[in-house]
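The structure appears right after this line, and notes come after that.
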Protein chains: 2
Amino acid sequence: MARKSGSHADITGPKVRDAAERLFARHGYAAVSMRQIASEVGVQAGALYLYTKDKQSLLFDLMQSHLEALMTAWLAEPRGDTPGARLEAFTRFHIRHHLDRPDAVFIAYMELRNLDPANFRVIEALRKHYEDVLEDILRDGAEAGVFAVPDTKLTTMALIGMLTGVNIWYRASGRLSRDRVEDLYCEMVQKAVGA
Amino acid sequence: MARKSGSHADITGPKVRDAAERLFARHGYAAVSMRQIASEVGVQAGALYLYTKDKQSLLFDLMQSHLEALMTAWLAEPRGDTPGARLEAFTRFHIRHHLDRPDAVFIAYMELRNLDPANFRVIEALRKHYEDVLEDILRDGAEAGVFAVPDTKLTTMALIGMLTGVNIWYRASGRLSRDRVEDLYCEMVQKAVGA
DNA sequence: GTCTATAATTAGATAGAC
DNA sequence: GTCTATCTAATTATAGAC
């Protein structure tokens, strides 16, 4: 479907999202101006409003699509048939997916404060939905007697915190390969739940 | 030492810091205006500049004093005489200290992006200094053969991430007491390092 | 679809009265 | 030590030309 020349909506739209994601992650939502985003895209500030209602919607859309893509990707992941295998699958998936999208992850964790209340509730529900994935695995394992988990909810939060922390320190140029990081985290997670 | 009436520097100075800490933690450094801080303190915006050079110094001072207080408090803590005891002491100290100062902790982790480059280097060095405490404990335990830690640096970052994550989910009004949280994290940490 | 121009608001920081 | 007033610059968002 060729468009009229001069019509770049299909290109500019995604470019706006990409630029916003990069800039929000680097400098923070509140510190980034619409003019900065426009400049990064290569248009004037006014043109941005063809692709987003306002700055808040830009933030919300980025977070929502990140969390929805996270759930969708997990549901498409091959799942193990024992709690131990499922926990390993989750650990590897979480690290891989998060290291692949550092900017989106960073925004989803750091910019919750800048969401309007109504948007905040939507994002929190999506995040909770994802955390429930791990909680279900831990509960299944505990009930089957293969995990030693005295408090399922606390362990869920502790492990999520540990795994998501990878994004804070991991550098591709660093000492460890991604596979090695996955392996080491898997080992720690399994030991932590007493598997 | 009584001062002239109308001279409230001893009171207003700390109030400025407290208000800034609360507001930065709640809404983010970039989203908070000097007028908001002044309003919270009960003075006009211009009066703030008697107590801080500018907004950036306010942020830097908060982060610096938080991290210095953290190190000082750790050095005053009774230290165990085995790696296992030291790891437990560190775990309990970290959780206790962090849950006592949620706003300062939040700022120290979330506002690194908003530091001037020179200030950033100072804060990063202080943070590294604190992380080295845990790394030293883990290395000692590994060398003594009481911890099974294949990669000391990675384990340090993983545990710090897990422990600091407490501040994200813990609520005093929630299901678990602080002592119970400490106990459960201690147990997980010990298992994770194979102690 | 994009740009230019602009409206309306707000920001950080300072000067000078009291 | 604080307030009032103000300067300068930047902000989001919109209107209308092209």
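No experiment lies behind these values; they were computed from the predicted model shown. Within every chain, numbering begins at 1; the chains are lettered A, B, ... in the order of the sequence lines, protein sequences first and strands thereafter.
As a whole-Å value, the separation of B:K53 NZ from C:dG12 P is 14 Å. A:L48 has its CG atom 12 Å from the P atom of D:dT14, to the nearest Å. In this structure, B:L50 places its CG atom 16 Å from P of C:dG16, rounding to the nearest Å. A straight line from NZ of B:K15 to C1' of D:dG1 spans 13 Å, rounded to a whole angstrom.
Picking from D:dA13, C:dA13, D:dT2 the nucleotide with the shortest atom distance to the side chain of B:T12 gives D:dT2. For B:Y49, taking side-chain heavy atoms from C-beta onward, the closest of the listed nucleotides C:dG12, C:dG1, D:dG1 is C:dG12. In the set D:dG1, C:dG1, C:dA13, C:dA13 carries the atom at the smallest distance from any side-chain atom of B:D54.
Between A:K55 and B:A47, the one whose closest nucleotide on DNA chain D sits nearer the 5' end is B:A47.
Between B:Y170 and B:H98, the side chains place no donor N or O within less than 3.5 Å of an acceptor N or O (distance only, hydrogens not considered).
Relative ring orientation between B:Y130 and B:F93 is described as tilted, the plane-to-plane angle lying within the 30° to 60° band.
Of the residues in residues 25-44 of chain B, those with a non-hydrogen atom less than 4.0 angstrom from any atom of DNA chain C are B:V32, B:S33, B:M34, B:R35.
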Compile the donor-acceptor pairs under 3.5 Å between side chains in residues 116-125 of chain A and protein atoms, sequence neighbours left out, one pair per line.
from   : atom 1 : to     : atom 2 : distance (Å)
A:N119 : ND2    : A:Q56  : OE1    : 3.0
A:E124 : OE2    : A:R127 : NE     : 3.3

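A salt bridge links A:D100 with A:R178: the closest approach of a Lys/Arg side-chain nitrogen to an acidic carboxylate oxygen falls below 4.0 angstrom. With salt bridges taken as basic N to acidic carboxylate O contacts below 4.0 Å, one links A:R96 and A:E77.
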Using salt bridge (Lys or Arg N to Asp or Glu O under 4.0 Å), reason through B:E21 and B:R17 one step at a time and then give a plain yes or no.
CA-CA 6 Å; B:E21 182 170 290; B:R17 283 177 51 97; 5.3 Å; no
